[in-house]
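Everything on this sheet refers to the single structure shown next.
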2 protein chains.
Amino acid sequence: MLHDDPSDAEIALEEGASTLHGQVVGKLRGLLLSGELPSGARISEADLCRRFSVSRTPLREALKVLAAEGFIELRPNRGSVVAPIDPVEIAHVFEFKGAIERQIGLLSVVRSRAEDRARLERVHADLGAAETHRNPVAYTGLNQEFHHCLAKAAGNPVLLQTYDNLQKRILRLRFAVNQNLDRLDQSFIEHEGIMVAFRAGARLDLAERLEEHNRLTGEAVLKALRDQDAGRSGV
Amino acid sequence: MLHDDPSDAEIALEEGASTLHGQVVGKLRGLLLSGELPSGARISEADLCRRFSVSRTPLREALKVLAAEGFIELRPNRGSVVAPIDPVEIAHVFEFKGAIERQIGLLSVVRSRAEDRARLERVHADLGAAETHRNPVAYTGLNQEFHHCLAKAAGNPVLLQTYDNLQKRILRLRFAVNQNLDRLDQSFIEHEGIMVAFRAGARLDLAERLEEHNRLTGEAVLKALRDQDAGRSGV
DNA sequence: AAGGCGAGTATTGAATGCAAAATGAGTCCA
DNA sequence: TGGACTCATTTTGCATTCAATACTCGCCTT
């Protein structure tokens, strides 16, 4: 009978909110990004149906969509699992994202509108505050927002969609790897450089800085993954 | 009662063949790419169910997946349509693809294996034959295969998936715009240059040539779209 | 005691049924 | 004649049901 449960607020976000399966896609993606469903975890359709108070039909539709986006793995007749963390794939994601970051650098300088620039300055300032306060959680969120804004400023929706998807796939990892405060400081230094280049309208410089920033972040993430694995197998 | 219809061979392709909805995704994508379902056409669930001999459940799952891939537009409560051709979006696809082409150029030289190189040479030769025979249909297919091989040679599956998706979205257009023989010749000249750079292992040169090739192709497609639109509204 | 084997259970995949929304035709009124 | 309204039909979205496959656990054999 599927009682109504409005307390299941979660993160009511974005599009598709009019259809049930659209809402489930959003909520489930939230669960995946928040780390509530950890990588590799088996996904029980019945559990999720209860949690979202929907029947299996819209839930399964949502699973197919998230699988197409790379967040879930469907194993025919054997259920679904949250996409496991594969260091090789992560490396590929970062490498590919590098090419996009470069284009974002080249385009954002030319296409950004005043409101984009204002928002970037604002987010960058907040980012600085999060860094001085040594708040990795806030920093991660703002960092995500900063790069999203920059990507948006490039004025190419096709690019933006792919970029956001890749970012989200990476974001999932932040609960798997312990945040590193050194990397946080270094990251902000790079962000300062990025903003300098952006303000100056130095396209190539900005592109290179973004590519490098991406590369270093990727290395840090992969190192954290390795360290953690080593710790696990060592203990 | 959903009779079996093995004559519905279509293009039996790839993964997900074990589940019904996976098969439908493949077949339906084939229909979209082959132009059988033209851009903007309304999609009748009942029709497709009859055509594929499946019930609405797996069909609707397939529609959701193809919508996530950008081939279909879902309008809540109002059915689905084949993604209409939007020149602005096409331009964005080409622009974004340019960044990927560049990376393909940079990586493929370093990572391609002997079999990749052999296959590229073979396809390139066939491409030359299609050009001399003035066969645009064969040329388009081989061109698709060529760029797919090159992208694969870059050795990054994440890149490859996004790249193939973008290529397919563009491929849909070839039935909307009339093939231009001049562009075909020019395209092959560019391909010759691409192969020269590839054989020489000239990373940057190859990257630039691929980017330029993409840019020119995009311009030709957009011009064809404009011309056609002008013709339509003019007549 | 370890490794297969098989019945019972749980879970997935697909078809059917049902309610709500949208579409379209026909009618009425200005 | 044109436009808005009503009601029947179609179509969509979701829940439920049914069938098939995979898993679990106890039993048997060696």
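Values reported hereafter were calculated over all heavy atoms of this structure, with side chains retained and with hydrogens, waters and symmetry mates removed. Chain letters run A, B, ... following the sequence lines, proteins first, then strands; residues in each count from 1.
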From B/L160, B/D164, B/I104, residue fulfilling side-chain contact (heavy atoms from CB on, under 4.5 Å) relative to B/K152
B/L160
Output, in order, the C-alpha distance, side-chain angles, deciding distance and verdict of salt bridge (charged side-chain N to carboxylate O under 4.0 Å, His left out) for A/E115 and A/R122.
CA-CA 10 Å; A/E115 61 199 83; A/R122 221 177 318 125; over 6 Å; no
Nearest to the A/T57 side chain among D/dT16, C/dA14, D/dG13, which nucleotide is it?
D/dT16
Identify the heavy atoms of A/L74 and A/P76 that sit nearest to each other, and give their distance.
O-CD, 3.5 Å
Answer yes or no: are there more than 12 heavy-atom neighbours, outside B/E219 itself, under 6.0 Å from its atom CD?
yes
Whole angstroms only, please: what is the CG-P distance between A/L48 and D/dA15?
14 Å
Report the distance from atom CG of A/L59 to atom P of C/dG13, rounded to the nearest whole Å.
11 Å
Identify whether any heavy atom of A/L74 sits under 4.0 Å from a base atom; if not, whether one sits that close to sugar-phosphate; answer base, sugar-phosphate or nothing.
nothing
Gap between atoms CZ and P, on A/R50 and C/dA10 respectively (whole Å):
12 Å
Euclidean distance, atom CD of residue B/Q23 to atom C1' of C/dA14 [Å, nearest integer]
12 Å
Rounded to whole Å, please give me the gap between CD in A/E45 and P in C/dA14.
11 Å
For the pair B/E69 and B/R29, find out whether any cationic side-chain nitrogen is under 4.0 Å from an anionic carboxylate oxygen.
yes
A/R215 and A/E101: CA distance, side-chain angles, deciding distance, salt bridge (charged side-chain N to carboxylate O under 4.0 Å, His left out) verdict
CA-CA 10 Å; A/R215 200 179 61 74; A/E101 295 283 3; over 6 Å; no
Expected output is a numbered-order residue list: members of residues 61-73 of chain A with a heavy atom under 4.0 Å from any atom of DNA chain D. What is it?
none
Atom CZ of B/R56 and atom P of C/dG17: how far apart are they, to the nearest Å?
13 Å
Please lay out, stage by stage, how A/K97 and A/E211 fare under the test salt bridge (charged side-chain N to carboxylate O under 4.0 Å, His left out).
CA-CA 8 Å; A/K97 192 160 78 73; A/E211 225 180 325; over 6 Å; no
Between B/H21 and C/dA14, is there a side-chain N or O to OP1/OP2 distance below 4.0 Å?
yes
May I ask you to decide whether A/D116 forms a salt bridge with A/R119, counting only side-chain N to carboxylate O separations under 4.0 Å?
no
Short heteroatom pairs, N/O only, protein and nucleotides 23-25 of chain C, under 3.5 Å:
residue, atom, partner, partner atom, Å
C/dT23, OP1, B/R78, NE, 2.9
C/dT23, OP1, B/R78, NH2, 3.2

What I want to check is whether the side chains of A/R174 and A/T140 have a donor and an acceptor closer together than 3.5 Å.
no
Counting only side-chain heavy atoms from C-beta out, which of D/dG13, D/dC14, C/dA14 sits nearest to B/R60?
D/dG13
